[in-house]
Amino acid sequence: VYQGKYRLQHFDFYRIKTPQNIFALGYQEYVYSDAVTLIEWPQRLKFFLPKEFLKIKLCIKAKNQRSFKFTAKGSRYKKLLEEIHENFRD
């Protein structure tokens, strides 16, 4: 957990074998809080993912080049993604 303007939480579920192991970590208390939650390997959550979220995929283009792909799930994050796109157009 990192505290700044927004509280930031990070989960790396690479070593998690079953979704039940995730609940032992107190996952729901974090994901449904007011903080920004980053999740690596979210596919390990299966059907426990929130209904709404913003997916950010980091793609390796070349040795020193990366790109990001944003996908919004739900109206709240679709609106947020529209705002992000508008800010990058300027």
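Hydrogens, waters and symmetry mates are skipped; everything else that's a heavy atom, side chains included, is used. All figures in this text were calculated on a predicted structure; none of them were measured in a lab. Sequence positions, counted from 1, serve as the residue numbers for this chain.
The CG atom of Asn21 lies 10.5 Å from the CZ atom of Arg44; values are rounded to the nearest 0.5 Å. Taking CZ from Arg7 and OG1 from Thr37, the interatomic distance works out to 8.0 Å, rounded to the nearest 0.5 Å. Note that CZ of Phe53 and CG of Leu80 are 13.5 Å apart. Values are rounded to the nearest 0.5 Å. Separation of atoms CG (Leu38) and CG (Asp12) is listed at 11.0 Å; rounding is to 0.5 Å. Atom CD1 of Ile60 and atom OG of Ser67 lie 9.5 Å apart (nearest 0.5 Å). Summarising the geometry, atom CZ belonging to Phe13 is positioned 5.5 Å from atom CD1 belonging to Ile39; distances are rounded to the nearest 0.5 Å.
For Tyr30 and Phe11, the ring centers are positioned less than 6.0 Å apart.
Between the side chain of Arg76 and the main chain of Lys73, no donor-acceptor pair closer than 3.5 Å is present.
The shortest side-chain heavy-atom distance between Trp41 and Gln43 falls under the 4.5 Å cut-off. Between Ser33 and Gln9 the shortest side-chain heavy-atom distance falls below 4.5 Å. At a threshold of 4.5 Å between non-hydrogen side-chain atoms, the residues Glu40 and His10 count as touching. Residues Lys69 and Ile56 fail the side-chain proximity criterion, which asks for heavy atoms closer than 4.5 Å.
Within a 6.0 Å radius of OH in Tyr32, other residues, nucleotides and ligands contribute more than 12 heavy atoms. Enclosure of atom CZ in Arg15 is not indicated, since only 12 or fewer non-hydrogen atoms of other residues, nucleotides or ligands lie within 6.0 angstrom. The environment of Gln65 atom CD is dense: over 12 non-hydrogen atoms of other residues, nucleotides or ligands sit within 6.0 angstrom.
When all heavy atoms are compared, the tightest approach of Tyr27 to Pro50 is OH-CD, 3.7 Å.
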